[in-house]
2 protein chains.
Amino acid sequence: MSRRTRSDKSVQGIPEATIARLPLYLRALYALADRDTVSVSSEELAAAAGVNSAKLRKDLSHLGSYGTRGVGYDVDYLIYQVSRELGLTQDWPVIIIGAGNLGRALANYGGFATRGFRVAAMIDSDPQVIGTAIAGHRVFGADEIERVVARYGVMIGAITVPAVAAQGICDRLVAAGVTSILNFAPVVLTVPEGVDVRKVDLSIELQILAFHAQRRSAVKAPVQHENGSVKSLGPAAIINGLPLELGSLASEGASADNSGGTVRP
Amino acid sequence: MSRRTRSDKSVQGIPEATIARLPLYLRALYALADRDTVSVSSEELAAAAGVNSAKLRKDLSHLGSYGTRGVGYDVDYLIYQVSRELGLTQDWPVIIIGAGNLGRALANYGGFATRGFRVAAMIDSDPQVIGTAIAGHRVFGADEIERVVARYGVMIGAITVPAVAAQGICDRLVAAGVTSILNFAPVVLTVPEGVDVRKVDLSIELQILAFHAQRRSAVKAPVQHENGSVKSLGPAAIINGLPLELGSLASEGASADNSGGTVRP
DNA sequence: ACGACTTTGTGCAAACGTTCACAAGGGCGT
DNA sequence: ACGCCCTTGTGAACGTTTGCACAAAGTCGT
């Protein structure tokens, strides 16, 4: 039954939500493999990945029947299957546009090159940076984008440039043949059909956190005595009823205005 | 009628999916305000934020009735309402743990301090870095975490340390009273109930892109002639029928087997 | 003052995602 | 060889999210 049924379920139909979790499972599997674990149950793997075991089983079932009832999953075999499904059995050359802090962080990111990805080149517009090497990768000028993409068959581009420059860079990448873009700039990129854009947006995540934090403190001390886990908290934690209006930071004129000059409440 | 109906719908029930989009709308609104746009329709705003207009209207309706039928939404007023809902009308001091490239990127991130957030302090373990200033923020040693959190009433922490150190830092933050954590380390953090963790994971995003890229090239030239938007592509784009098996990268027998030695079909 | 026009806000149904709960199936001890 | 025990894989129930389509409600021109 488990033959490479290229038609059964994998035809075209793996849910987005499942795909988004596969990398998580993969990471947990690698961690297990590092500890020489040979086999793992859905319960254990789910715990390691931070999800519910039923969900994990259903997710994996979309790839095929790679487990053994009564036993669990063979770690190495599952790593292979998940990797293959994600397309990580081949190497993806990636071009990073923008050699600022974010671009450097990306280039240095260990788990990056780990499996499946490799930095083909970095691009920057600063003459001072062009020609230097970052994390072992040569930095080219923006005019080299097309050449680098063609030369290395780059299909994935990471944009870590300021917001105003992002759309322009995106257009050039797409024109050069890049069909997958990872966008770190805080703008909505417009791309032609067939191009895939994912965004990583720090401020959005912060804002979501702020919402929940506000919600939490607004409910005003619902006195969370309920699970003894509280003991794991240090003494300082209890003073948090957060009486402080965070006015203390003071000294800095910084906060209020900063270059951007956009505001208007 | 649009009074702060603290009871109507906002009682407690704004869907997660909606909350995740509010920051997007907020950004689009600020962009409009910068161009001195006074009023905007759901259609326009939705386009600017890259979503469907029905969705946008439904999302906004969760906050209250802040639009005017036949006209649209007042930009400034909506900015205020969305900001208030997200809790951005107050300043959130954030502590950044890890002054590596990612931590620096975060500290320098313009849109960061923009509205609602301020870097209370940065923390690092490298003696060479401690005591210096990054983007105007003093870097403290790890032993100062508790003091900084208590002093500034920090409720949000951003973890940008290596994976192995992340859980330890997380525990200390939680013990110190931090209840919202933005985790950049590629690990699943375990926290007590009541603490909110969001993760930003570069490699997961890349892997999702790889999946779609693979899918795209696997379908082998389904000849996407269909929308004239192709003309927006440069010449190089057309050579993309992707004849390249990215074999140029060559050496590797690629497709069939790869190092992983894991296999066993 | 009124009617034509525009755009919001929402009921409803379909699509999608999650969770439960259990039958199917495989290993292991006797 | 057999039956018990364990864990997978999945049908079905439930919850959430999306998108349509339209009534409600406002503006603007005449």
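Remember, predicted model here, so these are calculated numbers, not experimental data. Quick note on labels: first sequence line is chain A, next is B, and so on, each numbered from 1.
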From [options], nucleotide with atom closest to [X] side chain:
X: A/Asn52; options: C/dT8, D/dT8, C/dT19; answer: C/dT19
X: A/Pro15; options: D/dT18, D/dA25, C/dG17; answer: C/dG17
X: A/Ser41; options: D/dT18, C/dG26, D/dT7; answer: D/dT7
X: A/Arg69; options: D/dA23, D/dG9, D/dA21; answer: D/dG9
X: B/Tyr73; options: C/dA23, C/dG27, C/dT8; answer: C/dT8

Given atom [atom1] of [X] and atom [atom2] of [N], what is their separation to the nearest angstrom?
X: B/Leu56; N: C/dT10; atom1: CG; atom2: P; result: 14 Å
X: A/Tyr25; N: D/dT8; atom1: OH; atom2: P; result: 13 Å
X: A/Glu44; N: D/dC6; atom1: CD; atom2: P; result: 14 Å
X: B/Tyr66; N: D/dA25; atom1: OH; atom2: C1'; result: 18 Å
X: A/Glu43; N: D/dG9; atom1: CD; atom2: P; result: 14 Å
X: A/Ile19; N: C/dG17; atom1: CD1; atom2: P; result: 10 Å
X: A/Lys55; N: D/dT16; atom1: NZ; atom2: P; result: 13 Å
X: A/His62; N: C/dG17; atom1: NE2; atom2: P; result: 9 Å

Under 4.0 Å: is that the gap between some side-chain N or O of [X] and OP1 or OP2 of [N]?
X: A/Arg57; N: C/dA24; result: no
X: B/Ser65; N: C/dG9; result: yes
X: B/Lys58; N: C/dT10; result: no
X: B/Ser42; N: C/dT8; result: yes

Item checked: Atom of A/Ser39, atom of A/Val71 and distance for their closest heavy-atom approach -> OG-CG1, 3.8 Å
Checklist line | Taking every non-hydrogen atom, the tightest pair across A/Ala158 and A/Leu106 | finding: CB-CD2, 3.6 Å
Notebook entry, point to check: Of A/Asp171, A/Val195, A/Asn183, which is the lone residue that meets side-chain contact (heavy atoms from CB on, under 4.5 Å) with A/Leu189?
Noted result: A/Asn183
Next item on the list: Please confirm whether B/Tyr73 and B/Tyr66 have ring centers closer than 6.0 angstrom.
Entry: no
Item checked: Side chain to side chain, A/Leu88 and B/Gln207, heavy atoms closer than 4.5 Å -> yes
Margin query: On DNA chain D, compare the nucleotides closest to B/Ala17 and B/Val71; which residue's is nearer the 5' end?
Written below: B/Ala17
